[in-house]
2 protein chains.
Amino acid sequence: MIDIPSMQRAGANAVKAIIDDVISEKLDVEKKFSSSKTAFRIADLGCSVGPNTFIAMQNIIDAVQQKYQSQGFASHMPEFQVFFNDHTSNDFNTLFASLPPERPYFATGVPGSFHGRLFPDFSLDFVHSSFALQWLSKVPEELLSKNSAAWNKGRVHYASAPDEVAQAYTVQFAKDITTFLEGRAKELVVGGLMVLNMPGIPNGNPHSSSVTGLSFDILGHCLVDMAKEGLISEVQVDSFNVPIYVASPKEMT
Amino acid sequence: MIDIPSMQRAGANAVKAIIDDVISEKLDVEKKFSSSKTAFRIADLGCSVGPNTFIAMQNIIDAVQQKYQSQGFASHMPEFQVFFNDHTSNDFNTLFASLPPERPYFATGVPGSFHGRLFPDFSLDFVHSSFALQWLSKVPEELLSKNSAAWNKGRVHYASAPDEVAQAYTVQFAKDITTFLEGRAKELVVGGLMVLNMPGIPNGNPHSSSVTGLSFDILGHCLVDMAKEGLISEVQVDSFNVPIYVASPKEMT
């Protein structure tokens, strides 16, 4: 359907320039090493199993090292510790087995949802997340009740659905992104940096016009056809909804 | 042969009192939180897949919390971050899936050998290792050469072997434990604590008298018998040696 790893890869390449800029402009090197020698800690939230997460982490470290060097602090270069995070069910065994052998960082894996807390207070210098924040913490509950105006019969997503369905998704996204940002606000050090790379839709565009929306429309139609042919049940289609939301820039600011 | 998890469990219980004492006597709570709010970071090196590692980590956290409370610093209680370490081939997926749901710490997994560096400088408050340090980084090379006096024909271990074999193991252990301690010396904060729980042999006792030694003697005899019956080759027995060493207290001080 959608080649997510390739999209992620393209996204990672596009975002490299942003990362370089953020680190070059915003990273306060002096403040960093005035507070005793500490490592520079980076987290990739929703890392999956690589290799995109390895490329992203290397980009960030390159940019930080560049900043230290350009400011004349090459002799104070920090050590790097990278925290690879994804759900507990992520294949961390494969992730660990494929870590770049010559990596310039100490690697750790962090199991758990980024919709909850993952790290101690003030313990991260840089948070990165790529093509992960579109995942909601759960399907909005209203979609699953037959008595609700948001009951999503014959569809698996909010694209091309009644307003109530889209609204339920929007509310769930707003809750989730708030929890996400509150968690990270506690986990980042003062002066910490964050780069979030996620699929989006232009302000004001209809949900059905996004690539994601179109794809899930097609998936929904396929499942309805399969139900008509008796391959799956209608109840299964009606109760299945994809917990993915594509936000607009306005919703993120 | 040997029920390692049960031995580890028994060891963990026995060592709980030691951990309690070390934390009660040596942990400098005032110094810990005078240096700005930071988490208390604990590593279990050679953690395997649980549940012993979870019990050990809980013991340590209980003892630290007890110390903070008894000194009147309950309101400054740190957050805890636990680093579960083992070889990259350890089953971290299973470890993560079986983490205690109500754990009072943020969990991470750290893939890699504790014979090398695993963490940034000054990044751990407490290092724990239980029934792991008996594993050498490799079989001593002299054992594998037919021309060496330490060629270990017809045996899989140094117990009941010529002195040259035992000596090769002793030298390898000395190298490995030195590398281990040098790494940890860099990774621990000033005032950091370490508890190492490992199988041992009384000073001066012959290697063949240890439970481990006896077990591998029997294993060696079994393999030789299998070779005689043609089930495996003699070359396979001669080239197989278990990279485990049981040290005496004298060797650890």
Enquirer: So for B:Leu95, is it side chain, backbone, both, or neither that comes closer than 4.5 Å to the heavy atoms of chain A?
Expert: neither
Enquirer: Keeping the roles fixed (side chain from B:Asn93, backbone from A:Asp91), state whether a donor-acceptor pair exists under 3.5 Å.
Expert: no
Enquirer: Below 4.5 Å, heavy-atom pairs only: which of A:Leu118, A:Leu99, A:Val110, A:Thr88 has the largest tally toward chain B?
Expert: A:Leu118
Enquirer: Is there a side chain to side chain contact (heavy atoms under 4.5 Å, CB included) between A:Arg41 and B:Ser123? Walk through the geometry before answering.
Expert: CA-CA 11 Å; A:Arg41 294 183 169 88; B:Ser123 66; 3.6 Å; yes
Enquirer: Please work out which of the three classes, parallel, tilted or perpendicular, describes the rings of A:Phe96 and B:Phe92, given edges at 30° and 60°.
Expert: perpendicular
Enquirer: How many angstroms lie between CZ in B:Phe106 and CZ in A:Arg117, if you round to the nearest 0.5 Å?
Expert: 4.5 Å
Enquirer: Without swapping roles, check the side chain of A:Gln81 against the backbone of B:Pro120 for a donor-acceptor pair under 3.5 Å.
Expert: no
Enquirer: With a 4.5 angstrom heavy-atom cut-off, is it the side chain or the backbone of B:Phe83 that approaches chain A, or both, or neither?
Expert: side chain
